*Asks:* 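Before we start, here is the structure in question, set down as structure tokens.
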Amino acid sequence: MSFREFKEQVKKSVEIAIGEADYPLIDFEPFEPPRPEFGDLSVNVAFIIANKLGLNPLEVAEAIGDKLRIPEDSLIADFEVHEPGYINFKVRYPDLAYRSILDAISKEDYGSLNMGKGKKVCVEHTSVNPNKALHIGHVRNLVLGDSIYRVLKFTGHDVQILNYIDDSGSQIADIVVGFKYAGFPLEPPEGKKFDHYCGDHVYVKVNELYAEKPELIMKQKEVLKAIEEGNSDIADFAKELTKRILKEQLKTCWRIGAYYDCLNFESHIIETKIWDKLFNIMKDKGIVQFVKEGELSGCWVIKMEGEDEEKVLKRSDGTLTYIAKDIPYAAWKIGLIEDPFQYDIFIKQPNGKDLWSSVSGKGKDEHPSFGNSDLAITVIDVRQSRLQKIISYILSLLGGKSEKKYLHLGYEVVSLSKRTADELGIMIEKKEFIHMSGRKGIYMNADDVLDALHKKAYEETKKRNPNESEEWHHNIAEKIAISALRFDLIKQDLDKMIVFDLSESLNLEGETGPYVQYAHARASSIIQKAGIIPTITLDGASLLNDPTELELVKMISKFDLYVEETVKNLSPKILARYAYQLATDFNVFYEKKPVLQEKDETKREARMALVHAFRNVVKTAFSLLGIETPDRI
RNA sequence: GGGCCCGUGGCCUAGUAUGGAUUAGGGCGUCAGCCUGCGGAGCUGAAGGUCGUGGGUUCAAAUCCCGCCGGGCCCGCCA
């Protein structure tokens with residue numbers, strides 16, 4: 001926490017000096033200068049003031065510098081006015097090192113913040129149609145949503161994780177047709193997961209068959225209608241099918257480290273008839289209009305302010321469109337409507353947490369409270385941006401500051417590289433990548449990627465730890481595989497499409513999750529060999545004066561600032577990059593400064609404490625990204 | 001046609017919100033080094049850049065504004 005204090009002290013001292021120099025108060029943030037010789041924090045207030053008043057920046061900086069007083073007991077060691085007008089501050093290193101190392105080795109929750117106290121947030125992520133296995137694109141969604149959940153929780157938010165299950169769409173009808181009318185056996189081939197079987201074989205093949213056998217399309221329509229109406233053998237069969245697939249999908253999610261609080265089934269949203277209630281309110285408020293003539297005659301539509309096009313919510317035959325079904329769910333998330341759902345426990349998760357779900361008919365009398373959040377974060381890829389915008393718009397018209405409570409967290413899609421597509425037998429013409437499509441069979445299953453990573457990591461751990469058991473190797477290999485995958489999908493900007501290439505992702509060196517895990521394992525090894533719990537003293541801290549030590553100390557002391565940034569921007573990549581930089585700083589220190597071999601006892605213990613502090617921080621940072629850090633890999 | 005996003009060395013990417021400091025950070029790949037030192041999934045060094053492009057604003061632009069070019073997505077009484 002110490003770097004934050006230093007930053008606050010710099011800010012306050014400068015503010016006071018600006019006042020004493022009779023300059024106008026301005027808004028500014030101290031920032032980290034680009035080069036170490038410029039100090040640890042800088043302010044550029046002189047430029048802003050000079051610009052405003054038409055003065056010379058350097059003169060302004062000097063005038064402020066003249067008035068600057070460093071408070072007693074502060075973390076500011078010194079400052080310097082530097083051309084063309086910066087004021088650079090140096091931190092008191094021994095104090096910074098002492099305090100941050102002490103905190104990092106003694107506080108369980110080092111880096112956590114209280115910024116979300118009393119704030120109820122729900123995060124919806126994953127939400128994969130229950131007719132196929134998760135592919136690599138779905139994992140980007142899951143990893144993003146799960147990391148956000150973890151960071152929000154770490155910063156004191158009251159978070160619940162939702163997973164929306166569209167169990168009544170045409171994709172479900174497709175596989176029902178496959179089993180009932182196209183002759184696919186209900187049991188998968190030996191060794192094949194049921195969700196893989198349904199996605200890889202049934203779903204793709206049925207969609208191919210539609211071209212050859214038009215009668216199957218008629219069957220699909222019948223099935224779809226039966227599912228919507230319920231109370232039939234077909235509807236029951238569909239329900240069982242989706243449940244079975246969903247349970248297999250959840251195994252993959254758990255494997256990656258994501259757990260949920262509640263599943264919301266689309267069929268239950270329809271059953272509760274909350275649409276009707278909401279629709280009446282929308283009619284009363286004039287949010288929706290009935291179209292009397294023209295192409296959309298007989299439809300209820302919504303028109304966005306400032307746009308020409310209308311969006312149909314209720315079709316002329318009285319059925320609801322895709323987006324209409326999403327509105328009550330969104331309204332429920334932010335507490336605009338009373339909770340209409342019944343709940344029961346769906347399954348007990350491997351982490352011991354109950355997974356609840358909405359149910360048809362009567363549920364359990366007692367259950368946790370779901371929905372009704374201060375903030376609802378919906379994680380969906382950017383292709384849904386327009387629809388999400390319309391939903392936000394409708395919510396805002398319904399009132400209650402809804403526009404601030406509903407947030408679409410969009411991210412670009414994952415596509416397959418030409419090379420990986422080739423390896424999967426998918427033909428690509430000209431382009432370097434191809435967009436995934438479950439229907440067309442163009443995708444790479446998450447489990448297959450993990451299995452490939454697992455195999456690679458397994459071979460590596462075998463070489464490095466020949467005396468360990470098979471079980472140990474598989475256990476560690478799995479953690480490395482998850483690390484590689486999660487880090488790979490979270491480290492870059494949400495606005496950038498990821499072109500997934502399996503061969504590239506199998507490289508576990510460089511800017512990767514395993515690199516960070518490796519640094520952690522090195523630190524663990526030192527601590528284990530030391531055989532003591534190191535402590536830090538101010539004397540010891542003052543001996544940590546090598547540049548590699550200073551860098552590592554500073555990075556450790558800034559952990560909470562990065563946590564805060566991550567939450568403010570809802571951007572886990574900030575934490576991923578922090579963890580990587582931290583690991584790099586450690587590795588550089590490790591190569592240069594011996595710890596256990598150090599002769600000077602005080603110095604040795606100080607370094608051990610630094611190693612310990614690093615280990616704790618990197619472990620916490622990675623845990624926020626859902627990645628485990630074993631002591632040996 | 002309208003809207004949203006991306007464009008940084010051979011490839012991938014950070015920095016763009018809040019414009020600044022004669023070396024624009026990383027990673028992969030390439031080349032050259034480093035274990036009789038706590039784990040070489042590591043470290044050090046080298047080569048490689050008109051920050052798509054043309055204007056503009058500014059003392060100062062990868063960053064802000066406008067145009068253009070290239071790429072992706074969205075614009076259904078599908079989901």
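For clarity, every value in this text was computed on a predicted model and none was experimentally measured. Any value given below was found using the heavy atoms of this structure, including those in side chains, with hydrogens, waters and symmetry copies removed. Residue numbers start from 1 in every chain, and the chains themselves are labelled A, B, ... in the order their sequence lines are given, proteins ahead of strands.
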*Asks:* So which pairs with a foot in residues 569-591 of chain A pass salt bridge (Lys or Arg N to Asp or Glu O under 4.0 Å), sequence neighbours left out?
*Replies:*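 Matches after skipping sequence neighbours: D493(A)-K573(A), E511(A)-R577(A), R522(A)-E591(A).
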
*Asks:* Checking T548(A) now: which residues fulfil side-chain hydrogen bond (donor to acceptor under 3.5 Å, both in side chains) with it, not counting sequence neighbours?
*Replies:*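 Once residues adjacent in sequence are excluded, the partners of T548(A) under the side-chain hydrogen bond (donor to acceptor under 3.5 Å, both in side chains) criterion are D546(A).
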
*Asks:* Classify every nucleotide of nucleotides 6-19 of chain B by which part a protein heavy atom approaches to under 4.0 Å, writing B for the base, S for the sugar-phosphate alone and - for neither, in 5'-to-3' order.
*Replies:* SS-----SSS-B--

*Asks:* Give me the residues of residues 596-611 of chain A where at least one heavy atom lies under 4.0 Å from an atom of RNA chain B, by number, or none.
*Replies:*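 RNA chain B contact set from residues 596-611 of chain A: L596(A), Q597(A).
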
*Asks:* Return the set of residues passing side-chain hydrogen bond (donor to acceptor under 3.5 Å, both in side chains) with E423(A) (not counting sequence neighbours), or none when no residue passes.
*Replies:*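 side-chain hydrogen bond (donor to acceptor under 3.5 Å, both in side chains) check on E423(A) returns nothing, list empty.
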
*Asks:* Using a 4.0 Å cut-off on heavy atoms, which residues in residues 287-303 of chain A reach RNA chain B? List them by number, or say none.
*Replies:*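 Close to the strand are E295(A), L296(A), S297(A), C299(A).
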
*Asks:* Apply side-chain hydrogen bond (donor to acceptor under 3.5 Å, both in side chains) to R615(A) and list each qualifying residue two or more places apart in sequence or on a separate chain.
*Replies:*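 R615(A) satisfies side-chain hydrogen bond (donor to acceptor under 3.5 Å, both in side chains) with S524(A), D631(A) once adjacent residues are dropped.
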
*Asks:* By the ring-ring contact (aromatic ring centres under 6.0 Å, His included) test, which pairs, at least two apart or in different chains, include something from residues 504-532 of chain A?
*Replies:*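 Output for this query lists Y515(A)-Y580(A).
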
*Asks:* Please report, to 0.1 Å, the donor-acceptor pairs under 3.5 Å made by any side chain of residues 170-178 of chain A, with sequence neighbours excluded.
*Replies:*
from, atom 1, to, atom 2, distance (Å)
D174(A), OD1, Y210(A), OH, 2.6
D174(A), OD1, Q220(A), NE2, 2.7

*Asks:* Name all residues meeting the side-chain contact (heavy atoms from CB on, under 4.5 Å) criterion together with P36(A); count only those two or more places apart in sequence or in a different chain, and write none if there are none.
*Replies:*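 Partners of P36(A) under the side-chain contact (heavy atoms from CB on, under 4.5 Å) test: none.
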
*Asks:* Return the nearest nucleotide to the side chain of R522(A); candidates are A21(B), G40(B), G20(B).
*Replies:*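 Comparing A21(B), G40(B), G20(B) against the side chain of R522(A), the answer is G40(B).
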
*Asks:* Run the salt bridge (charged side-chain N to carboxylate O under 4.0 Å, His left out) test against E228(A) and tell me which residues pass, sequence neighbours left out.
*Replies:*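 In terms of salt bridge (charged side-chain N to carboxylate O under 4.0 Å, His left out), with neighbours along the sequence ignored, E228(A) is linked to no residue.
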
*Asks:* S267(A): which residues meet the side-chain contact (heavy atoms from CB on, under 4.5 Å) condition with it, sequence neighbours left out?
*Replies:*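 Applying side-chain contact (heavy atoms from CB on, under 4.5 Å) to S267(A) gives D167(A), K239(A), F265(A).
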
